[in-house]
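In what follows, a structure is listed as structure tokens, so that the remarks can point back to it.
Values below: every heavy atom of this structure, side chains too, minus hydrogens, waters and symmetry copies.
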Amino acid sequence: QVHLVESGGGLVQPGGSLRLTCEDSGFAKKYYTIGWFRQAPGKQREVVGCIVTSDDSAYYADSVKGRFTISRDSAKNTVYLQMDSLKPEDTATYYCATDPVVRYCSVTDVLPYKYWGQGTQVTVSS
């Protein structure tokens, strides 16, 4: 059974950094991709980025490219989202997700991942 848990959210000033963590016992052994998503109040869920487990290649939405970095520690079955140069518009609940059959990443569409974490809140404000 897949159980995803995000952590690391919090309140940070504009320009600051946070690192989010997504943990699960099934990572890397079963799943081709792990995605990060976010949803702000009153807005649709959007893609932040995605990592491919076969080669750890990562892909990012234009809104975060150059500021966010996705990485993976296969030994710990953990995926990280390093967020730098944070902006107020990055404020949202952040989720990680995965699926046993999704083999590719999309930086524009929220793919139909089967397993989702509960989310962690990130607030960027002075």
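In terms of the side chain to side chain donor-acceptor pair (under 3.5 Å) criterion, K87 has no residue partners (sequence neighbours excluded). By the side chain to side chain contact (heavy atoms under 4.5 Å, CB included) test, S63 pairs with R38, A61, sequence neighbours left out.
Contact detail for D99 and V102: the closest heavy-atom pair is OD1-N, 3.4 Å. Nearest heavy atoms, V48 versus F37: CG2-C, 3.7 Å.
Between V52 and C105, the closest side-chain pair of non-hydrogen atoms falls below 4.5 Å. Using a 4.5 Å heavy-atom threshold, the side chains of C50 and W36 count as separate. Between Y94 and L81 the shortest side-chain heavy-atom distance falls below 4.5 Å. Y95 is listed as a side-chain neighbour of R45, based on a closest heavy-atom distance under 4.5 Å. In this structure, the side chains of L20 and T120 come closer than 4.5 Å at one or more pairs of heavy atoms.
Annotation: the span from L86 atom CG to F68 atom CZ amounts to 5.0 Å, rounded to 0.5 Å. Atom OH of Y32 and atom OG of S54 lie 10.0 Å apart (nearest 0.5 Å).
Judged purely by distance below 3.5 Å, without hydrogens or angles, the side chains of R19 and Y80 never pair a donor atom with an acceptor atom.
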Exercise for review: Apply side-chain contact (heavy atoms from CB on, under 4.5 Å) to I51 and I34, showing your working.
Suggested key: CA-CA 5 Å; I51 188 166; I34 298 108; 4.0 Å; yes

Practice item. Please lay out, stage by stage, how V122 and D90 fare under the test side-chain contact (heavy atoms from CB on, under 4.5 Å). Key: CA-CA 8 Å; V122 172; D90 294 318; 5.5 Å; no

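Around the CD atom of E89, the shell of radius 6.0 Å holds more than 12 heavy atoms that belong to other residues, nucleotides or ligands.
Annotation: salt bridge (Lys or Arg N to Asp or Glu O under 4.0 Å) contacts involving residues 54-66, sequence neighbours excluded, comprise D56-R72, D62-K65. Residue pairs meeting the disulfide bond (SG atoms under 2.5 Å apart) criterion with at least one member in residues 62-93, sequence neighbours excluded, do not occur.
Residues L4 and V47 fall into different hydrophobic clusters, defined by Ile, Leu, Val, Met, Phe, Trp and Tyr side chains chained together at heavy-atom separations under 4.5 Å.
Of the possible polar contacts, one joining the Y60 side chain to the I70 backbone as a donor-acceptor pair under 3.5 Å is found. The backbone N or O of T123 sits nowhere less than 3.5 Å from a side-chain atom of T91 that would complete a donor-acceptor pair. Here the side chain of T78 pairs a donor or acceptor atom with the backbone of K76 at under 3.5 angstrom.
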Check residues 109-118 and write down every donor-acceptor pair under 3.5 Å in which the side-chain atom is one partner and the other belongs to a residue at least two apart or another chain.
residue: Y113; atom: OH; partner: T33; partner atom: OG1; Å: 2.9
residue: W116; atom: NE1; partner: Y113; partner atom: O; Å: 2.9
residue: Q118; atom: NE2; partner: E6; partner atom: O; Å: 3.1

Would you tabulate the side-chain donor-acceptor contacts of residues 10-18 under 3.5 Å, counting partners in other chains and residues two or more places apart, or write 'none'?
residue: S17; atom: OG; partner: D84; partner atom: OD1; Å: 2.7

